[in-house]
Structures are given as structure tokens and as C-alpha cells.
Amino acid sequence: MTQMSEATRAMLQTQNDPASTADPGFLWDFWYPALRSSEIRGKNLATAMLLEVPLVLGRTSEGHAFAMRDSCPHRGIPLSYGHFDGKVLECSYHGWRFDACSAQCLEIPSLVSQDKLKVERIFAGHYPCEERDGYLWVYMSSGGRRAADNAPGTRLPEQIPAAPALAVFSEKYKLTHLTCDLPSHVDQGIIGLMDPAHGPFVHQSWFWRKRASIHEKQKQFEPIPNGFRMSPHSPSSNSAPYQLLKKITGEPVTTTIDFVLPNLRTEIDRSGKLWFSSRAAITPVRRDLCRIDFLAAWNIPFPAALFRIFGEKFLKQDQQTMIRQAEGLKYKPHLTLIDDADRQAKWYFALKANLLESRRTGAPMVHPMTGPVTLRWRS
């Protein structure tokens, strides 16, 4: 067993204390899924919260998605109570009007001709927004944390990368979305997501794994930008779905699993012409609440409705475990990460700390992995 770094220990301590007034430990300047695209219809507005920032989201008459801080910069009333005409969002309190795509103030009805206030210099908080894979993604820029900082281009990178897209490998495929809330800090959600040893205990079932099937495993990992990869390998022999896929095609199954900051785990399974691709995002809502946003696509002859039944059961098992864990974390216990089963958690904390340090100093980010690593554990 190796000792945790001071950065890891500090992060664990912060997220074990929901009432703490310290920095909640979120990663800014990344895309996060705010809500499903289907939640916005016509000129209706929707609300969401990401990184403790309340958001109002909508879609313009031209079909462009937008996201603004759900707070009028005048008196703070949520803009989601206002009227949206397909282009302009009008506050319900004093009628201040904002362009939906830029959050720039267009009109203040109470002003008279003698007033010298430059209305165009006033902005509600604005965040870049894209629709992809059935989600509205919001780029939570550090410049948008306060509306006063959010003049056009303030603290935004020169080029914002596109929102993440799920990898697919054929023109026709099935697609499904699943979600559930976790009463924990995003760090606990993420290290739970990548934990390789809980399966036979949390996910015991005839269609996944049994406790009696525990055996030693060996997997190779390699560094990738902002994350790490479980190198392509044959999946576990005690996982029934993988064995079923092998029987269908008569060919070996290859699995590749990636984790990349801030919160994305992707898995690609391929066997002959058949494939399964999934992405799990652990979305930070508040310091004491996160959410699993799970998306899967496949061309395997398996009904989407049946997949949802199994998938929802799987997520509920994780949710119940996190609810129980939250009971213990209220008392701020000492936590221990072990090798090799918890090495991925250690890499995550190191990646996060090193990224923050790189942003603070301007120096290149140091990856905690210097090359391929083989890990062994029992599950």
C-alpha cells in the first residue's frame, strides 16, 4: 500500500465536508451535460445546475441552443421566470431584455433619455452551449462564474473544443440514455465509476457477476492526454454479456476503456462487425450532489427496451451504494486508497491536481504516468 499525496488527501477532505466554505474542487473550462435535448420544446425554457451555477437553457427560433446564468444582473431574480420570444429573454421583474445567445442586455425599460448608462455593457452570465448525442452541453468557463466578468470573450480560450461525441461504428444503431443522482461530491462519484473491485459485491446478478466468480485479473494501462486508458484487452470471463457477444459472432471480443478529465469514462467493445460503445459522465451539480449521465449505442441484436431494464438496475445499485456511503462520509472518516485496485483513483486525483497547477503557473501539465503500467487485483 502506498501513501496518498497531500493533494489527494486535501481533495478527499474537501469533498467529505459538504458544508465547507472552501473551494468545492470543481474543474472549470470543460464541457458538461446540463440536460437532455428533449427537455426543451419550442420557446419553453428549462433550468439546470452545474458546478453550483444555476442555469437557464433554451433554443432560439433558429434552433440554436443557449445557456445563461439563471439570475438577472439587476436584482437577481431567476431569468427562467421571464418571457422568451425565440430570440430575446425578458426578465419578469423589471423587463430587462437580454439577447439569448450572448446574454448582452438590449433594453432597460425604466431608463429615460437623460440616462447615460451604457446598456450594451451589461451582461447576464453566458456560457457556450452545444447539442450533441441528445444532450445540451454547457462549457463552464471560469470567466462566466460571475456575470460582471462575462463581457464578450472574457477569460474564454481562443478556441473552445467541440462538445464530446460518442464514438459509433456504423450508420444504423440503437441509442439509449440513462441517468441517476448520487448524493456525493463529484470526486467520490468518479472514483466509484472507475473502481474495478466493487462489481461482484455491488452488481451481483445472474446477468453480470457473482461473488463466487472473483478471481485475479491483470490489465495494462497507458497514459493519454488528460487521462489514462485500459489498453485493448479481452474482457473478464466472469461477465456474461461479453461472453454472449463472443458466442453471437464466434470471434474474440476486444474492450478498450478510457478515462479523461474532467469526468468521462468511455468503453468500446468490438467483436467482428458488432460493437457496443458507451460513455458515463459524472456531472457535478453541487458539492454534495452529482449525477450519472450514461449514453450507450450499439448494433448488437439486443432490444433497447430490454437494455434499459438491465441498465437502470445497474445504475440503481451504484446509487444505493453511494447513498449508503454518504451516511459514513458525514463523519469525515480517514480514507485509505490501496494499490493496485485504487491506483486509477490515485491517477485521477493526480491528474486533477496537476492540471490545476499547470493552469496556475502556465507550465506544461505533468502526467502522473510516465508510461504503460500493469495493475493486478481480484474481482
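Numbers for residues simply follow the sequence, beginning at 1. Computed from heavy atoms alone, side chains included, the values below leave out hydrogens, waters and symmetry copies.
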Please check if any side-chain donor atom of Asp318 sits under 3.5 Å from a side-chain acceptor atom of His203, or the reverse. yes
Do the side-chain N and O atoms of Asp70 and Thr47 include a donor-acceptor pair separated by under 3.5 angstrom? no
Answer yes or no: is there a side-chain heavy-atom contact under 4.5 Å between [X] and [Y]?
X: Trp275; Y: Val168; result: yes
X: Trp298; Y: Leu274; result: no
X: Trp96; Y: Ile108; result: yes
X: Leu50; Y: Tyr127; result: no
X: Arg286; Y: Met49; result: yes
X: Phe314; Y: Leu178; result: no
X: Tyr348; Y: Asp342; result: no
X: Leu264; Y: Arg279; result: yes

Kindly say whether [Y] contributes a backbone atom to a donor-acceptor pair with the side chain of [X] at under 3.5 angstrom?
X: Asn226; Y: Leu261; result: no
X: His64; Y: Glu130; result: no
X: Thr176; Y: Ala296; result: no
X: His126; Y: Cys101; result: yes
X: His74; Y: Gly95; result: no
X: Tyr139; Y: Asp29; result: yes

Residue pair Gln319 / Cys180: nearest heavy atoms and the distance that separates them: NE2-CB, 3.9 Å
Closest heavy-atom pair, Ser37 versus Arg59, reported as atoms and distance to 0.1 Å, is O-NH2, 3.2 Å
Hey, could you give me the [atom1]/[atom2] distance between [X] and [Y], rounded to the nearest 0.5 Å?
X: Thr374; Y: Arg343; atom1: OG1; atom2: CZ; value: 10.0 Å
X: Phe228; Y: Phe221; atom1: CZ; atom2: CZ; value: 7.0 Å
X: Trp28; Y: Leu356; atom1: CH2; atom2: CG; value: 12.5 Å
X: Ser61; Y: Lys87; atom1: OG; atom2: NZ; value: 9.5 Å
X: Lys43; Y: His83; atom1: NZ; atom2: NE2; value: 7.0 Å
X: Asn299; Y: Arg270; atom1: CG; atom2: CZ; value: 8.5 Å

[X]-[Y] co-clustered via ILVMFWY side chain contacts under 4.5 Å:
X: Val56; Y: Tyr93; answer: no
X: Leu375; Y: Met369; answer: yes
X: Leu55; Y: Leu79; answer: no

Check the pair Ile257 / Gln344 against side chain to side chain contact (heavy atoms under 4.5 Å, CB included), numbers first and verdict last. CA-CA 12 Å; Ile257 300 174; Gln344 295 176 70; over 6 Å; no
Can you tell me which residue among Ile323, Val285, Thr283, Leu289 is in a side-chain contact (heavy atoms from CB on, under 4.5 Å) with Asp181? Leu289
